[in-house]
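FYI, side chains are in, hydrogens and waters are out, and symmetry mates aren't considered; it's all heavy atoms of this structure. Residue numbers begin at 1 in each chain, while the letters A, B, ... track the order of the sequences.
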2 protein chains.
Amino acid sequence: MEVGRTETGGGEGLLFLTDEQLRKGIEAMYFAYRAFTADPDRILETHEYGRAHHRAIHFINRQPGLTVNMLLIMLGVTKQSLNRVLRTLVEDGLVEARVGRRDKRERNLFLTEKGAALERELSDAQRARMRAAYRAAGPAAVTGFRQVLEAMMDPEIRRHYQAMKDGAA
Amino acid sequence: MEVGRTETGGGEGLLFLTDEQLRKGIEAMYFAYRAFTADPDRILETHEYGRAHHRAIHFINRQPGLTVNMLLIMLGVTKQSLNRVLRTLVEDGLVEARVGRRDKRERNLFLTEKGAALERELSDAQRARMRAAYRAAGPAAVTGFRQVLEAMMDPEIRRHYQAMKDGAA
DNA sequence: ATTTTATGTCAGCCTTGTTGACTTTCCAAG
DNA sequence: CTTGGAAAGTCAACAAGGCTGACATAAAAT
């Protein structure tokens, strides 16, 4: 898994990226993502929820009090689609939607204790796999992994990603 | 985006992986995957196809002549689900399903010229994004990226992944 | 007072996954 | 040669989770 490189006069790294190398990267992305979602999916099944619920729970946990609109932007889905998911989470007592203090049109979203418990169960599983992969690949690989993923994101999303709590740890 | 590390006596790298670092990795995976699928999705729309068609086309292009059963394993879906997709591709003349020479129960799948054209259109877009991300992140990052993704895959899938044409280029 | 924004909701549609049942074809072992 | 099992295809029904479009309400902003 080596990658050719040359240095231009200016010092910019130019890569020899063959189609084959890029195709392998594409496949790696696909297969890894499948594994990445497999553990939470199994857990969600036993709770009668789906991936969409997981995503909502994840971001509400990440930024407690975020508004529906912000969540919509993070998830990149329509409000109708999100609403269906959010409604069941509120009804089931995993999420609390408080009327905004400053702007009463807004709803600030929070996980209840029950919601936080499911979040923990899900993210424990997902982090375990991520941790194992990190350990297997080593620290240098982890940095590269994150760099490539960040470079791959759409710019607006990347801004949101980088703005989220923690940033570069 | 630095990552702590220590060396044990044995020389195994031990990472200081905080929950925050792992969560960022999880989010990076999610956002990057979304971007990763966005370009092909746009193209597919104009052709009246979906992501499932893309996947089938991708792997048939990768291993011309592979059987339905092998494709089933690569994709990890049921034959009913795959069949629906495959049928439209054959009907539309993008894929040819030839009866196996040795075992006439098997169907060997091939892209027609029309199918290969769509494959090129899709993978050109996907490779362009991958190439840009690789360029931005640099050669060392690319190696790390692939290492982490491989470590994240389920072992059986990883075997198939590694066995596929090219391997480590 | 009017317009705009944030949210919620109803109805209907599509893709893509699932399970279960059943058929046809054909290889291979008894 | 017969029979068991594997590969493939198909039908039906269902669910999750996307989408669009239309519409309602409350509150902020103009």
Side-chain angles (χ1 to χ4, degrees), chain A residues 30 33-34 37-38 40-60 65-92 95-110, chain B residues 30 33-34 37-38 40-60 65-92 95-110:
Chain A
Y30 168 62
Y33 192 79
R34 242 171 58 185
T37 54
D41 281 355
R42 265 189 295 276
I43 295 168
L44 287 158
E45 249 178 46
T46 75
H47 291 262
E48 309 265 67
Y49 290 123
R51 227 177 260 189
H53 301 87
H54 183 190
R55 289 177 197 141
I57 287 173
H58 172 93
F59 286 110
I60 295 172
L66 94 171
T67 63
V68 173
N69 222 3
M70 267 310 297
L71 187 51
L72 240 29
I73 291 168
M74 301 301 290
L75 296 176
V77 297
T78 60
K79 66 173 175 178
Q80 293 91 331
S81 194
L82 174 59
N83 203 261
R84 182 165 41 195
V85 164
L86 219 41
R87 187 167 27 181
T88 72
L89 290 174
V90 170
E91 280 171 3
D92 296 354
V95 167
E96 193 189 347
R98 295 185 204 148
V99 171
R101 285 184 300 98
R102 289 187 345 221
D103 188 332
K104 291 183 194 161
R105 288 172 304 182
E106 294 183 345
R107 299 286 182 278
N108 295 107
L109 303 170
F110 300 88
Chain B
Y30 169 61
Y33 192 80
R34 240 171 59 184
T37 54
D41 281 355
R42 265 189 296 275
I43 295 168
L44 287 159
E45 248 177 47
T46 74
H47 292 262
E48 311 265 66
Y49 291 123
R51 229 177 256 188
H53 301 86
H54 183 190
R55 290 179 196 138
I57 287 173
H58 172 93
F59 287 109
I60 294 171
L66 93 171
T67 62
V68 174
N69 223 5
M70 268 310 297
L71 187 51
L72 241 27
I73 292 169
M74 301 302 289
L75 296 176
V77 298
T78 59
K79 67 174 174 178
Q80 293 91 331
S81 194
L82 173 60
N83 204 261
R84 183 164 41 196
V85 164
L86 219 41
R87 188 167 26 181
T88 72
L89 290 175
V90 170
E91 281 170 3
D92 296 355
V95 168
E96 193 188 349
R98 295 185 205 149
V99 171
R101 283 185 300 99
R102 286 185 347 218
D103 188 331
K104 291 183 193 161
R105 288 171 305 182
E106 296 182 344
R107 300 287 181 277
N108 295 107
L109 303 170
F110 300 88

*asked:* On DNA chain D, compare the nucleotides closest to A:E48 and B:L86; which residue's is nearer the 5' end?
replied: B:L86

*Should the pair B:Y49 and B:H53 be assigned to parallel (<30°), tilted (30 to 60°) or perpendicular (>60°) ring geometry?*
tilted

*If only atom types and distance count, is the side chain of A:T46 paired as donor or acceptor with the main-chain N or O of A:R42 below 3.5 Å?*
no

*Between P of D:dA26 and CZ of A:R107, the distance in whole Å*: 11 Å

_Measure CG/B:L109 against P/D:dA7 and give the value in whole Å, please._
14 Å

*Using atom CG of A:L71 as one end and atom P of C:dG8 as the other, report the distance to the nearest whole Å.*
11 Å

*Measure the distance from CZ on A:R102 to C1' on C:dA6 and round it to the nearest whole Å.*
14 Å

*Does A:S81 put a side-chain nitrogen or oxygen below 4.0 Å from OP1 or OP2 of D:dG17?*
no

_Gap between atoms CZ and C1', on B:R101 and C:dC27 respectively (whole Å)_ = 16 Å

Mind listing the N/O atom pairs, protein and nucleotides 4-6 of chain D, below 3.5 Å?
residue, atom, partner, partner atom, Å
D:dG5, N2, B:R105, NH1, 3.1
D:dA6, N3, B:R105, NH1, 2.8

*Between A:K79 and B:V68, who's closer to the 5' end of DNA chain D by nearest nucleotide?*
B:V68

*For A:R87, report the nucleic acid contact type (base, sugar-phosphate, nothing); a contact means any heavy atom under 4.0 Å.*
sugar-phosphate

*A:R98 side-chain N/O to A:G65 backbone N/O, donor-acceptor pair under 3.5 Å*: no

_Strictly below 4.0 Å: does A:T78 bring a side-chain N or O up to OP1 or OP2 of D:dC19?_
yes

*Is there a side-chain polar atom (N or O) of B:H53 under 4.0 Å from OP1 or OP2 of C:dT16?*
yes

*Round to the nearest Å and state the distance from A:L72 atom CG to D:dG17 atom C1'.*
14 Å

*What nucleic acid atoms does A:R51 come within less than 4.0 Å of, heavy atoms only: base, sugar-phosphate, or nothing?*
sugar-phosphate

*Mind running side-chain contact (heavy atoms from CB on, under 4.5 Å) on A:M70 and A:M74 for me, showing each step along the way?*
CA-CA 6 Å; A:M70 267 310 297; A:M74 301 301 290; 4.1 Å; yes

*How long is the span from the OG atom in A:S81 to the CG atom in A:L86, to the nearest 0.5 Å?*
11.0 Å

*Classify the ring geometry between A:F59 and B:Y30 as parallel (under 30°), tilted (30 to 60°) or perpendicular (over 60°).*
tilted

*Side-chain N,O (B:R55) to OP1/OP2 (C:dG17) below 4.0 Å*: yes

*Which residues satisfy the salt bridge (charged side-chain N to carboxylate O under 4.0 Å, His left out) test with B:R51, sequence neighbours excluded?*
B:D41

*Looking only at N and O atoms, is any donor in the side chain of A:Q80 or the base of D:dG21 less than 3.5 Å from an acceptor on the other one?*
yes

*Considering residues, nucleotides and ligands other than B:E91, do more than 12 of their heavy atoms fall under 6.0 Å from its CD?*
yes

_Rounded distance (Å) that lies between atom C1' of C:dT19 and atom CG of B:N83_ = 15 Å

*Take atom NZ of B:K104 and atom C1' of C:dA28, then tell me their distance rounded to the nearest Å.*
15 Å

*Of A:A97 and A:R84, whose closest DNA chain C nucleotide lies nearer the 5' terminus?*
A:A97

